[in-house]
Amino acid sequence: MRALLIAAVLFAAPAVAQTPAATSLTLADASKAPARPTIIDGARWSCEGEICTASGGSEQPAHRACRRVVQKFGPVTAFSYKGEALSAEQLAVCNA
């Protein structure tokens, strides 16, 4: 009886969908934004002006992801990878 009650509760509870944490950046020079979506380490980056957002991507530290994107897009003034925003000091290292 107890097992049936637990099963009923589990199946009746709505599924909670987790929203992926935000991944975005702000380019220092909007003219360097790619015109088409660009894949970097499995993340699909799309830009509108100086703001770029990504979906997907491999599991890696935010500072590494930042360095890989800067290699392709140029310096950034803000960077957040899967919810982890880089500090001003971390951005300076990323852009170096």
Side-chain angles (χ1 to χ4, degrees):
M1 179 72 160
R2 186 178 232 175
L4 288 174
L5 182 58
I6 291 172
V9 170
L10 290 176
F11 287 113
V16 178
Q18 291 186 346
T19 303
T23 297
S24 64
L25 62 84
T26 303
L27 294 170
D29 182 359
S31 69
K32 293 189 178 189
R36 300 174 62 181
T38 303
I39 306 289
I40 302 173
D41 292 336
R44 182 178 187 272
W45 289 92
S46 299
C47 301
E48 288 187 30
E50 74 274 359
I51 305 297
C52 302
T53 58
S55 60
S58 61
E59 289 300 321
Q60 61 185 321
H63 67 275
R64 181 180 188 283
C66 182
R67 296 289 303 244
R68 299 278 291 147
V69 171
V70 165
Q71 288 174 349
K72 298 268 188 185
F73 296 171
V76 296
T77 59
F79 190 86
S80 177
Y81 188 71
K82 297 186 178 186
E84 181 182 344
L86 296 186
S87 67
E89 294 80 22
Q90 291 170 318
L91 283 173
V93 171
C94 176
N95 287 319

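Along the sequence shown, residues carry numbers from 1. Side-chain atoms are counted along with the backbone in the values below, which use heavy atoms only and exclude waters and symmetry mates. These numbers come from a predicted model, not from an experiment.
- The two residues Phe79 and Ala65 have their closest heavy-atom pair at CZ-C, 3.8 Å.
- With rounding to the nearest 0.5 Å, the separation of OG1 in Thr23 from OH in Tyr81 is 6.0 Å.
- Between Trp45 and the choices Cys52, Ser55, Pro37, the side chain to side chain contact (heavy atoms under 4.5 Å, CB included) rule is met once, by Cys52.
- Closest heavy-atom contact between Ser80 and Ala22: OG-O, 3.5 Å.
- Taking both residues in full, the closest heavy atoms of Gly49 and Ala30 are given as C-CB, 3.9 Å, listed atom of the first, atom of the second, then distance.
- Side-chain atoms of Thr38 come within 3.5 Å of backbone atoms of Arg36 as a donor-acceptor pair (strictly under, hydrogens ignored).
- Put simply, CD1 on Ile51 and OG1 on Thr26 are 3.5 Å apart, with the number rounded to the nearest 0.5 Å.
- Every pair passing disulfide (SG to SG under 2.5 Å) that includes a residue from residues 67-96 is listed here, sequence neighbours excluded: Cys66-Cys94.
- The closest donor-acceptor contact from the side chain of Asn95 to the backbone of Val76 lies under 3.5 Å.
- What you find for Leu86 and Ala62 is that their closest heavy atoms are CD2-CB, 3.8 Å.
- The salt bridge (charged side-chain N to carboxylate O under 4.0 Å, His left out) pairs that include a residue from residues 40-55 are Asp41-Arg64, Asp41-Arg68, where partners are two or more places apart or lie in different chains.
- Atom-to-atom distance recorded for Arg67:CZ and Gln60:CD is 12.5 Å, nearest 0.5 angstrom.
- Between atom CD1 of residue Ile39 and atom NZ of residue Lys72 there is a gap of 11.0 Å, rounded to the nearest 0.5 Å.
- With Lys82 contributing its side chain and Gly57 its backbone, the two residues share a donor-acceptor pair below 3.5 Å.
- Between atom CG of residue Leu25 and atom CG of residue Leu91 there is a gap of 10.0 Å, rounded to the nearest 0.5 Å.
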